[in-house]
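Accompanying notes for the structure given below.
For ligands, and for the atoms within them, numbers begin at 1 and follow the listed sequence.
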Amino acid sequence: MEAPAELLACERCGLSGSRTRVVVGSGPDEPELLVIGEAPGRTEDEGGLPFIGRSGQLLFTLIGEVMGLTRDRCYVTNVVKCRPPGNRTPTREEVGACRPWLRWQFEHVSPRAVLTLGLVAGQSVLGFSVAMGAMHGRLVTVAGRPGLGTYHPAAALRQGPSLVQVMRADLATLREAMDA
Ligand code: URA
């Protein structure tokens with residue numbers, strides 16, 4: 001799926017002034033899993049692809065071990081397509097400004113299941129208004145498919161094995177729903 005020229009040149013919010021590249025997303029049009037993170041970090045801003053830094057390494061190790069899926073069977077993107085300076089959390093306005101691009105991806109990508117990472121993605125894609133501790137691991141239906149939110153792998157890198165265990169359990173729940 002080719003990104004629209006308007007997306008690659010997007011200036012719908014102030015992040016366009018500081019980004020190196022728009023990080024659209026990558027993966028097949030009919031993936032097993034649509035993986036949605038928060039926003040590109042420094043490595044992604046420079047490389048132009050989502051989750052190619054340390055968070056991505058942990059994420060795809062877990063998805064491989066628990067769900068039996070390789071990265072090439074996932075379409076990977078973020079709620080916000082440009083890096084917020086200093087990796088701050090994107091604002092509500094930035095999330096809103098970027099929403100048409102995520103909507104475009106939902107129209108063109110046909111996954112079997114949807115996985116969100118962290119609070120911003122869980123709230124804006126799955127519609128949760130509760131904190132991470134209450135939303136993670138809960139199955140919902142998104143665009144007619146099983147959807148589930150788990151913690152952001154960057155949080156697991158900070159907090160260590162206990163949060164990795166929680167992520168494993170969450171991913172197993174989504175795998176079960178896909179197999180049901
Ligand atoms: N964190 C995210 O939320 N997305 C990326 O692409 C990289 C790190």
Side-chain angles (χ1 to χ4, degrees), residues 1 3 7-8 10 12-16 18-28 31-64 67 69-99 101-106 109 111 113-128 131-133 135-137 142 147-160 163-164 166-168 170-171 174:
M1 167 185 61
L7 169 50
L8 298 175
C10 181
R12 292 177 57 96
C13 81
L15 297 180
S16 59
S18 53
R19 73 177 177 231
T20 307
R21 298 180 189 217
V22 178
V23 180
V24 177
S26 70
E32 294 285 312
L33 203 57
L34 172 56
V35 180
I36 307 175
E38 183 171 301
R42 182 191 294 279
T43 314
E44 292 78 17
D45 176 64
E46 289 169 359
L49 292 168
F51 284 103
I52 54 173
R54 284 182 67 222
S55 288
Q57 264 178 27
L58 173 61
L59 174 66
F60 288 103
T61 298
L62 295 178
I63 287 177
M67 303 187 77
L69 294 175
T70 49
R71 182 179 173 128
D72 61 357
R73 296 171 74 192
C74 303
Y75 186 95
V76 190
T77 189
N78 288 296
V79 169
V80 167
K81 313 299 189 214
C82 297
R83 182 190 182 215
N87 293 351
R88 66 163 169 73
T89 304
T91 63
R92 193 179 289 271
E93 288 70 28
E94 289 158 355
V95 169
C98 222
R99 193 174 296 283
W101 304 127
L102 190 59
R103 206 174 293 129
W104 164 76
Q105 285 168 315
F106 267 96
V109 177
V114 178
L115 175 69
T116 65
L117 305 167
L119 189 64
V120 170
Q123 290 183 337
S124 83
V125 177
L126 304 181
F128 283 113
M132 233 15 261
M135 84 161 71
H136 81 91
V142 48
L148 178 139
T150 191
Y151 285 87
H152 196 289
L157 285 173
R158 282 193 302 272
Q159 282 190 42
L163 208 56
V164 171
V166 173
M167 288 181 74
R168 282 184 186 278
D170 291 345
L171 295 179
L174 187 55

Q. Of the choices D45, N78, T43, V120, which has the non-hydrogen atom that lies closest to atom 4 (N) of ligand 1?
A.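 It is N78 whose heavy atom sits nearest to atom 4 (N) of ligand 1.
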Q. Of the listed options (E38, R54, R83, E44), which comes nearest to atom 7 (C) of ligand 1 when hydrogens are ignored and any heavy atom counts?
A.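 Ranked by closest heavy atom to atom 7 (C) of ligand 1, first place is E44.
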Q: Please report the shortest heavy-atom distance between R42 and N87, naming the atom on each side.
A: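 Distance-wise, the nearest heavy atoms are N-OD1, 3.9 Å.
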Q: Specify the closest pair of heavy atoms between V166 and H136, including all atoms of both residues, with the distance to one decimal.
A: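 In terms of heavy atoms, the two residues are closest at CG1-CE1, 3.3 Å.
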Polar proximity ligand 1 side, [X] side, N/O cut 3.5 Å exclusive:
| X | answer |
| --- | --- |
| P40 | no |
| S55 | no |
| A39 | yes |

Q) Roughly how far apart are L62 CG and M167 CE, rounded to 0.5 Å? A)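 So the CG of L62 and the CE of M167 are separated by 5.5 Å.
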Q | Distance, nearest 0.5 Å, that separates OG1 of T43 from CG of L49 | A |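 One gets 11.5 Å once the value is rounded to the nearest 0.5 Å.
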Q.
Within ligand 1, which atoms have a heavy atom of P50 less than 4.0 Å away?
A.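 So the atoms of ligand 1 that pass are 6 (O).
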(Q) Taking 4.0 angstrom as the limit and counting only heavy atoms of H152, give me the atoms of ligand 1 inside it, by number and element. (A)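 Going through ligand 1 atom by atom, the ones under 4.0 Å from H152 are 1 (N), 2 (C), 3 (O).
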Q) Of the options E94, R21, E44, R19, which is the one that meets C82 in a side chain to side chain contact (heavy atoms under 4.5 Å, CB included)? A)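 One option only clears the test, and that one is R19.
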**Q.** L33 side chain reached by P111 side chain, heavy atoms, under 4.5 Å
**A.**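 They are not in contact (no side-chain heavy atoms under 4.5 Å apart), so the answer is no.
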